[in-house]
J.: 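Below are the structure tokens for one structure; questions will follow.
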Amino acid sequence: NGDGLDDYFTLAGFDYTLIELNIFDRWGKKVYTLSDNPLGWDGKYKGANQPIEVYYFMAKYQIKEGEIKSVKGDITLVR
């Protein structure tokens with residue numbers, strides 16, 4: 001919502017290098033990829049606010065020891 005708190009979704013909580021992050025709507029349309037904005041997803045697709053609903057993400061990251069891992073899950077967009 002632009003208040004400076006939790007305005008972007010990205011992976012957090014540990015020491016890693018984010019390699020890939022993709023977010024999809026419930027129909028499987030990709031609404032975000034890491035190259036769109038390295039800060040994370042701001043809840044927009046092509047500049048338009050997306051509906052409040054559940055989205056799915058898939059990410060690859062490299063941990064400090066060099067191993068590449070994958071994670072997927074869902075997030076709920078709220079404003």
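When a residue number appears, it is its place in the shown sequence, counting from 1.
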J.: T33: which residues meet the side chain to side chain contact (heavy atoms under 4.5 Å, CB included) condition with it, sequence neighbours left out?
T.: N22, K30, S35, D36
J.: Who pairs with I19 by side chain to side chain contact (heavy atoms under 4.5 Å, CB included), at least two apart in sequence or on another chain?
T.: K60, Q62, I68
J.: Applying the 4.5 Å side-chain criterion to the ILVMFWY set and letting contacts propagate, would Y16 and I23 be lumped into a single cluster?
T.: yes
J.: Sequence neighbours excluded and cut-off under 3.5 Å, please list the side-chain donor-acceptor pairs for residues 42-57, or say none.
T.:
unit_1: D42; atom_1: OD1; unit_2: K44; atom_2: N; d: 3.1
unit_1: Q50; atom_1: NE2; unit_2: A48; atom_2: O; d: 3.2
unit_1: E53; atom_1: OE1; unit_2: R26; atom_2: NH2; d: 3.4
unit_1: Y55; atom_1: OH; unit_2: P51; atom_2: O; d: 2.8

J.: Looking only at heavy atoms, what is the nearest atom pair of L11 and A59, with distance?
T.: CD1-CB, 3.6 Å
J.: Please tell me whether V31 and M58 are part of a single hydrophobic cluster in this structure, the criterion being side-chain heavy atoms less than 4.5 Å apart.
T.: no
J.: Please collect all side-chain hydrogen bond (donor to acceptor under 3.5 Å, both in side chains) contacts where either partner lies in residues 63-72, sequence neighbours excluded, each pair once.
T.: none
J.: With clusters built from Ile, Leu, Val, Met, Phe, Trp and Tyr whose side-chain heavy atoms come within less than 4.5 Å, directly or transitively, what are the remaining members of the cluster of L39, listed by chain and number?
T.: Y8
J.: Given 3.5 Å as the limit, does a donor-acceptor pair link the side chain of Y61 with the main chain of L21, or not?
T.: no
J.: Could you go step by step and tell me if L77 and F9 meet the side chain to side chain contact (heavy atoms under 4.5 Å, CB included) rule?
T.: CA-CA 9 Å; L77 177 65; F9 170 79; over 6 Å; no
J.: Is F24 linked to I75 within one hydrophobic cluster, defined over Ile, Leu, Val, Met, Phe, Trp and Tyr using a side-chain heavy-atom separation of less than 4.5 Å?
T.: no
